[in-house]
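The structure appears right after this line, and notes come after that.
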Protein chains: 2
Amino acid sequence: MFAQTAIPIPATPSHFQDPDVRDLLAQSQPGTVSYYPADAMIYAQGDDTGPLYLVEFGTVRICQMTADGRRQITSFCYAGDVFGLEPGEEHECCAESVDGAGIRMLRPANSAGFAQKLLGFALRHFARMQSHLVLLGRLSANEKMASFLCDLLDRQDTGDTVVLPMQRSDIADYLGITFETVSRVLRVLKDRGIIRVTALDRIEILDPGALRTLSD
Amino acid sequence: MFAQTAIPIPATPSHFQDPDVRDLLAQSQPGTVSYYPADAMIYAQGDDTGPLYLVEFGTVRICQMTADGRRQITSFCYAGDVFGLEPGEEHECCAESVDGAGIRMLRPANSAGFAQKLLGFALRHFARMQSHLVLLGRLSANEKMASFLCDLLDRQDTGDTVVLPMQRSDIADYLGITFETVSRVLRVLKDRGIIRVTALDRIEILDPGALRTLSD
DNA sequence: CGACCAATTGAATTGATTCAAGGTCCGTGG
DNA sequence: CCACGGACCTTGAATCAATTCAATTGGTCG
């Protein structure tokens, strides 16, 4: 609503292999890709629900706030991910660009086949949230970080290096810890020889096995 | 699969007002009601997915375990709730009866309209998980308990009294704390005059306003 | 180069856990 | 009917993981 500095970008065909995404695109009226600079709001809490959003490039965070301003990031969405699916007329969460993201809006066709597709997406998202619940409720800070890094490692195909498009406070609010703890945990993993921080936003996984063991 | 002491009970018509549940029943092949005594497993992690389950009476807990045996209860299901919806061929979580529960199995019709109904259920469940994420990641033990009690108060229509069908360790594993902390938090709420514990499984809410304020 | 924001590190504090000791509830059997 | 046993719950004391607050370092951009 406010601070939306969306710069339209010429429509380009989506290049995703994921057959489910292709189907979804085929069964909806895909719009053009809009560019949202870092920290720009895509939709706010209270905005009308309706359209879905496909991440073409970049990263998006889905946030929910408590009354007194604490933030929980419920998920990060990367290229190929779909977000914006929520019950009710109004969004409960807000979506923000993390690092400059290209977003394609999808106006859902109101067909039954579309619901079937959406159900698939919802269920997949479901499984993610399920394990996020375990992470938040039952893992230590070290385990949370290890689990997060493993997740990124699996999703990115950048070899043994993980790219962190978000800053420490985002990671903290995703993992339910403070950003200082994120720093300290990274140091622990470094000292144990499990990772190497090659840049602020780049981590080399030296011992994936150890990381997975830790992540539980 | 093991320890399943399900005792068939004569089929009785579902008495739920919820139009969505009625629709779901109409569009599936509802089975008879089975009784699962306390702590009986309804399905285990790894069991085949497929049927849905409707809680006719009693309470069900959906659990996920870490490799080393820590447990996170991802949701409690009460009369009228539907569970068992998961992506993939196998269940990631297990479902157990908490206090002796009557469960009706629903074999989904493979119609498109059915997917639409399921999508609705999935999205509603979704919103619940979303706020559970905030609870686990960003609330203090006191706030978690207050939030839990508010939720029960809203769901049950037993006036200002809340019934706890589950034991302390279940609450603990749902809130991401220990059962000792559950006890201590209840004591704090008692000392502040917000609640009164009239029985082990019965809590009178003396000051709902204070509870809601606390809950976030 | 200087200014600013992000990230790291340190020290003190705290909220929650762990471990251990009672207490309460409830069913069972004498 | 009451004593006993076991499971659950409560409470206390010590410990610990993570937070808070504060200072410093590092990186980036005009």
Side-chain angles (χ1 to χ4, degrees), chain A residues 37-39 59 61 66 68-72 98-100 135-149 162-192 195-203 214 216, chain B residues 37-39 59 61 66 68-72 98-100 135-148 162-192 195-203 214:
Chain A
D39 296 319
T59 309
R61 59 174 176 253
T66 64
D68 63 343
R70 283 169 286 178
R71 183 178 69 157
Q72 177 67 44
V98 168
D99 59 345
L135 180 147
L136 289 174
R138 284 294 173 234
L139 299 196
S140 70
N142 287 353
E143 293 169 331
K144 285 175 176 179
M145 194 69 209
S147 180
F148 178 64
L149 290 176
V162 157
V163 177
L164 301 176
M166 70 294 286
Q167 53 188 48
R168 300 292 186 265
S169 61
D170 287 325
I171 300 176
D173 286 348
Y174 180 71
L175 299 179
I177 54 182
T178 62
F179 65 87
E180 293 99 328
T181 299
V182 169
S183 254
R184 280 186 256 270
V185 167
L186 284 178
R187 162 143 285 283
V188 169
L189 295 179
K190 244 180 348 193
D191 290 348
R192 291 195 198 166
I195 64 170
R196 210 157 61 88
V197 181
T198 54
L200 267 182
D201 66 343
R202 211 158 285 267
I203 291 180
L214 247 183
D216 180 5
Chain B
D39 297 319
T59 310
R61 59 174 174 251
T66 64
D68 63 343
R70 282 168 285 178
R71 183 178 69 157
Q72 177 67 44
V98 168
D99 58 345
L135 180 146
L136 290 175
R138 285 292 172 236
L139 299 196
S140 69
N142 287 353
E143 294 168 331
K144 285 174 176 180
M145 194 69 209
S147 180
F148 178 64
V162 157
V163 178
L164 302 176
M166 69 295 285
Q167 53 189 48
R168 301 291 187 264
S169 62
D170 288 325
I171 300 176
D173 286 349
Y174 179 73
L175 298 179
I177 54 183
T178 62
F179 64 87
E180 293 98 327
T181 299
V182 169
S183 252
R184 280 186 255 270
V185 167
L186 284 178
R187 163 142 284 284
V188 169
L189 296 179
K190 241 178 353 187
D191 290 348
R192 291 195 197 166
I195 64 171
R196 210 157 61 88
V197 181
T198 54
L200 267 182
D201 65 344
R202 210 159 286 265
I203 292 181
L214 246 182

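None of the values given here were measured: they were computed from a predicted structure. All heavy atoms count here, side chains included; hydrogens, waters and symmetry mates do not.
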From the list A/D173, A/D68, A/T66, side chain to side chain donor-acceptor pair (under 3.5 Å) partner of B/R138 resolves to A/D173
Here the distance between atom P of C/dA6 and atom CG of A/L164, to the nearest Å, is 16 Å
In whole angstroms, the gap separating C1' of D/dA17 from CE of A/M145 amounts to 17 Å
Under 3.5 Å, N/O pairs linking protein and nucleotides 24-28 of chain D:
none

Practice problem: In plain terms, say whether B/R184 and B/D191 are close enough for a salt bridge, that is, a side-chain N and a carboxylate O under 4.0 Å apart. | Solution: no
Separation of D/dT20 atom C1' from A/R70 atom CZ, nearest Å, is 15 Å
Rounded to whole Å, CG of A/D201 lies from C1' of C/dC5 at a distance of 15 Å
Between CZ of B/R138 and P of C/dA16 the distance, given in whole Å, is 13 Å
When rounded to whole Å, the CD1 to P distance for the pair B/I171 and D/dT10 reads 9 Å
Here the distance between atom C1' of D/dC9 and atom CG of B/D170, to the nearest Å, is 13 Å
In numerical order, the residues of residues 179-190 of chain A whose heavy atoms come under 4.0 Å of DNA chain D are A/E180, A/T181, A/R184
Are B/K144 and B/T181 packed together at the side-chain level, in the sense that at least one heavy-atom pair is separated by less than 4.5 angstrom? no
Checklist line | Test item: A/I171 and A/M145 side chains (from C-beta on) under 4.5 Å apart, heavy atoms | finding: yes
Is the shortest distance from a Lys or Arg side-chain nitrogen in A/D99 or A/R61 to a carboxylate oxygen in the other one below 4.0 Å?
no
Separation of D/dA18 atom P from B/L139 atom CG, nearest Å, is 18 Å
Open item on the list: Run B/R70 and A/L139 through side-chain contact (heavy atoms from CB on, under 4.5 Å) and show every step you take.
Closed with: CA-CA 9 Å; B/R70 282 168 285 178; A/L139 299 196; 4.3 Å; yes
Trace of the side-chain contact (heavy atoms from CB on, under 4.5 Å) decision for B/Q72 with A/L135: CA-CA 9 Å; B/Q72 177 67 44; A/L135 180 147; over 6 Å; no
Within the structure provided, determine whether B/I203 and B/L189 are in side-chain contact (heavy-atom separation under 4.5 Å). no
Item to check | Minimum side-chain heavy-atom gap B/R187-B/V197 below 4.5 Å | outcome: no
Practice problem: Report yes if at least one side-chain N or O of B/T178 is closer than 4.0 Å to OP1 or OP2 of C/dT17; otherwise report no. | Solution: yes
